[in-house]
Amino acid sequence: MRRPRLSAVLATTLGVLVLAAPARADVVDDLYERGNAAAAQGEWSLAAGCYEQARALLPDRSAELSYNLGTAYAQLGHTGYAAYHLRRSIQRASDPSAEVVEGARRNLGILDRRIEQDAERTGGQISAPRGWWPRIRSALAARWLAWLTWIFAAGLIASCVVSETWSRKGRSRAIPRAIAWLMAGLFLIGASVHGVALRGERRAAHHVVLPNLALAREGPSAGRSVSVRIVGGSRVRQIQQRGGWTEVRLDSGLTGWLSDDEVADLEAEESVAPVADIPQCPTDR
Amino acid sequence: MSGRFRRRTFVRAAGIAAAGVVVPSVARADDVILKIDLPRSKTAVGRGVYCDVIVEREGGSVKDLGEPDFPELDGLDVSFQGQSFSQSVRIVNGIGTRKSTTTYSYLLVPNEPGTFALDVELEVEINGRTRTLSPATVPKLTATGSAAPVAKRADPSSRPDKADGEVFVWPIASKKKVYVGEQFVYTYELWERTMANVEHKTLPKLKDVYTRELRTPKSIRSEYLDGYRYRVHTILRRAAFAQKAGSLDLGGGTFTVRPSSGIGLFGPPRHSAPYNVEGPSIEIEVLPLPADGRPKDFASGNVGSFTIESSLDRDAIKQGDGVTLTVTIKGKGNIALVGPGAWPDFEGFASYDPKDESEEAIDGDVVGGRRTFEILLVAEEAGRLEVPAVSLSYFNPDKAAYETIESSPHVVEVEADENAVVSRDAEGVEEDSDATLAPPIESTMSRTKQRNPLMTPKRFWWGAGLVPLAATAWFGGGLLWRRFGPSETERAGAALAKAQQQRLARMRKTRGSDAFFENAGEFLHHLAQDWAGPEGKGLPRERLMKVLAKSVADQTRRELASLLELCDLARFGGGGAADHAQVLERVESLAQWRPD
């Protein structure tokens, strides 16, 4: 009598597990398609709402979703949010396709011009344009150089061991010595270059200002006077955080305090809240 | 007894002293209080009041998260003045408590009458939990009266003619009437004869006006009004261009006057509350540009006085080649907005959008400069082509009339070229495609799982740091071993001694057996070789003994020889168990001898 009951429970459990997984994926894809349909009609606000809901349900990253959401925000004039999502879409962690990279770079170029025009109009501050050094620095801070440096270190250690072994056996150790010196040199160069690049990346500006014009204060309080106005979409560097406020620094050296919800970290995985007046995606088909 | 008593007393005293240090830091009551100190609850509109927000903490596990959050109250300006911190320790009945106080000072200035509730909040972390604090009693500030609106001045360009208090603001416009786009000079002066600190709070609002900064004198001049001597500060000077016709209201700014603090002889120093001084706004009349006589090609930004000239970089080209027409407009006015309007029709040429560059120059108080346009003209036809003159129509406000001027025309000789291909449609006027956003992607949405990478910066540094550590240990250990470890001789001696012990042990094991004397003989022979050193290697017994004669004492040598002979005899049939013991004892005794 017990066996049928147990098998029924197992079957039900398995059935729920099997059926639940694709149902979850459908919801996200469905919201994404609704967003695309709204975007095709020019209803950017609704498109952004659908994309935001899809993003909230998606535990992973999606380059296409981030790109579409950023484009929708750009159409709506939310420069900061647009810049944030477009930059996320082309990060290595999102694994973007060539189509996403091309579209995102184009849209980011347009956003950069808008940011400059906004700065001209409002007198706000913006970040300096990124030259070639940040790209090179990113490449040198990548994991491939770290692994290569470790390989050189392992080669150095192995050469030293072989050299000692050959010495005890009475053999000439000129060759392992030469290899050891070469490995040591390569290891030092690799470690130095990678270390400098890592340090540079850590100090780089990878926070984005979200509101179109953010008022950075002199202290971590809304009662403090405004120290600098920053145009949305600008990249800033985080100095410290305190009590719901973040102190940021621009490339020009100007600093100020922004509320935590006014600045987003491109490197962090926690998601940014959607823009306040974005509507919900309708659920009926 | 007395020694023990002294020791006990010392231990007790030390224990009490330690408790006195340890216990106060351990015993703490974690608590925090938020208080607001408002010395005056009533004030007049425009008169400031200082307010302190005091945060008192007891214990060490209370942490402020940010600063007090002042409510946003319409009609009340709140400005942060600074903060101070103090700390104290109180010990009562052996229990110590640490108390710290942070004081945040604010200046409250009401701009309109009303009652303002100062419901300040502060977020703190107590024992790891976040709490929002509010004062037990919310103080209220009541502002009465109304700030009398500062009357507009009838003549915006007039100078002050009477003393108006210790501090007053005086804006000046150089003209009472201007045309749209015509330049006038706006000056903002502060007249004061006070010992107080005067600082600007808001600058004047210059709406519907395009401005350029002019040189502002840094020096302070003195002027007399009604017998009073005033110091006149020029705060700003701007060249302004009105953008809209009608009455232009140039709003007054505001200054804050902070009277000097008095020194309290029997109490803390008194601070007089600051107050605001508002500058009057001035109004000028902006006249629209006359419709009568307006040229058809007139562009609205062309107000001033200008000249125009043009030039070509070449006057002879082949069909299909291009020439650059450079048009330069110079003069006085808002040069960044000046332009010819519609360009003439360049017959026989394909023309492209002009590139322009402005160079502003300010001469005294007059804004001017030059603006240059470069147009690429590509010859589509052969022959003698004329580049027509470019005309510029502008409104001269000094003459209150429109003027039209022209540059000189140019002639280009174009040589025919059958192979020339000029397509006006292909590259005509470039679309501003760069301003159009790329559309969303409609393909299937990909998903990328987040993985924790194996190589992280921290692991890299750990791994990279191990290499120099390993190298240091390797080479350093070798150096130390060579410096402080046993020498070669000592190591060789240790190896020999070890081998000897092994042979001796083997010999002892075979005591009582037939192999005893064989092992004993072998041991003695090796012992002799060890004594002889490298010289004795491989030598037969006789020669070995001769070598030993140089370094071994006679008695020892004879004992060795005797034992060797005994072992030889015993191997071939002699010696019982008693002999084994005796021989063993003699051999062990001999083995302890060491050559010099």
Side-chain angles (χ1 to χ4, degrees), chain A residues 28-29 32-33 35-36 39-40 47 54 58-65 67-68 71-72 74-75 93-97 99-100 102-104 106-107 109-110 113 141 143 146-147 149-150 153 156-157 160 164 184 187 191 194-195 198 202 218-225 242-245 269, chain B residues 53 63-72 77-83 104 106 108 120-125 130 201 432-451 453-468 470-471 474-475 478:
Chain A
V28 176
D29 288 327
Y32 179 73
E33 280 162 18
N36 288 348
L58 187 67
D60 311 317
R61 277 212 202 191
S62 169
E64 287 80 6
L65 181 59
Y67 165 76
N68 285 3
T71 303
Q75 292 284 2
S94 298
D95 195 18
S97 63
E99 192 186 358
V100 168
E102 194 187 323
R106 179 192 167 83
N107 290 352
I110 293 171
R113 278 201 288 282
R143 289 193 283 276
W147 283 114
T149 306
W150 273 21
L156 169 62
I157 293 170
C160 288
E164 189 62 24
F187 166 76
H194 188 64
L198 279 179
R202 197 165 50 89
E218 285 180 354
S221 166
R224 299 291 288 268
S225 53
R242 201 151 44 110
W245 293 80
E269 284 310 319
Chain B
V53 177
K63 201 167 77 175
D64 285 350
L65 300 174
E67 292 181 3
D69 204 3
F70 239 93
E72 294 223 13
D77 279 345
V78 178
S79 57
F80 178 73
Q81 301 297 300
Q83 71 183 76
Y104 300 90
Y106 296 86
L108 313 176
V120 177
E121 286 182 347
L122 174 69
E123 263 194 6
V124 293
E125 192 182 284
T130 305
K201 191 164 172 252
D432 191 6
S433 55
D434 287 347
T436 310
L437 290 164
I441 289 172
E442 294 189 6
S443 58
T444 313
M445 191 184 87
S446 66
R447 295 153 200 252
T448 313
K449 275 209 177 310
Q450 296 313 296
R451 289 187 301 248
L454 195 57
M455 175 66 73
T456 60
K458 200 173 173 183
R459 283 179 192 156
F460 167 74
W461 284 117
W462 271 109
L466 281 174
V467 171
W474 180 272
F475 292 109

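Every chain is numbered from 1, with letters handed out A, B, ... down the list of sequences.
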- Highest number of heavy-atom pairs under 4.5 Å with chain A: which of Ala438(B), Pro68(B), Ala464(B), Ala470(B)? Ala438(B)
- Work out which heavy atom in Ala184(A) is nearest to a heavy atom in Leu156(A); give both atom names and the distance. CB-CD1, 3.9 Å
- For Met445(B) and Leu58(A), work out which heavy atoms get closest and say how close. CE-CD2, 4.0 Å
- Message: If I compare all heavy atoms of Ser62(A) with all of Ser446(B), which pair ends up nearest, and what's the gap?
- Response: OG-O, 2.6 Å
- Query: In terms of heavy-atom proximity below 4.5 Å to chain B, should Ala93(A) be classed as side chain, backbone, both, or neither?
  - Reply: both
- Message: Measuring only between side-chain heavy atoms, which start at C-beta, is Glu218(A) closer than 4.5 Å to Phe80(B)?
- Response: no
- Proximal component of Trp150(A), with respect to chain B [non-hydrogen, under 4.5 Å]: side chain
- Task: Between chain B and each of Ser221(A), Ala153(A), Gly219(A), count heavy-atom pairs under 4.5 Å; write down the option with the most.
- Result: Ser221(A)
- chain B interface, residue from Thr71(A), Asn107(A), Asn36(A) that has the most non-hydrogen pairs under 4.5 Å: Asn107(A)
- Pick from Pro457(B), Ser79(B), Pro439(B): which one has the most heavy-atom pairs with chain A under 4.5 Å? Pro439(B)
- Tell me, out of His194(A), Glu102(A), Gln75(A), who's got the most heavy-atom pairs with chain B below 4.5 Å. His194(A)
- Query: From Leu454(B) CG over to Arg459(B) CZ, what is the distance, rounded to the nearest 0.5 angstrom?
  - Reply: 5.5 Å
- Query: Is a side-chain donor-acceptor pair under 3.5 Å present for Ser94(A) with Arg61(A)?
  - Reply: yes
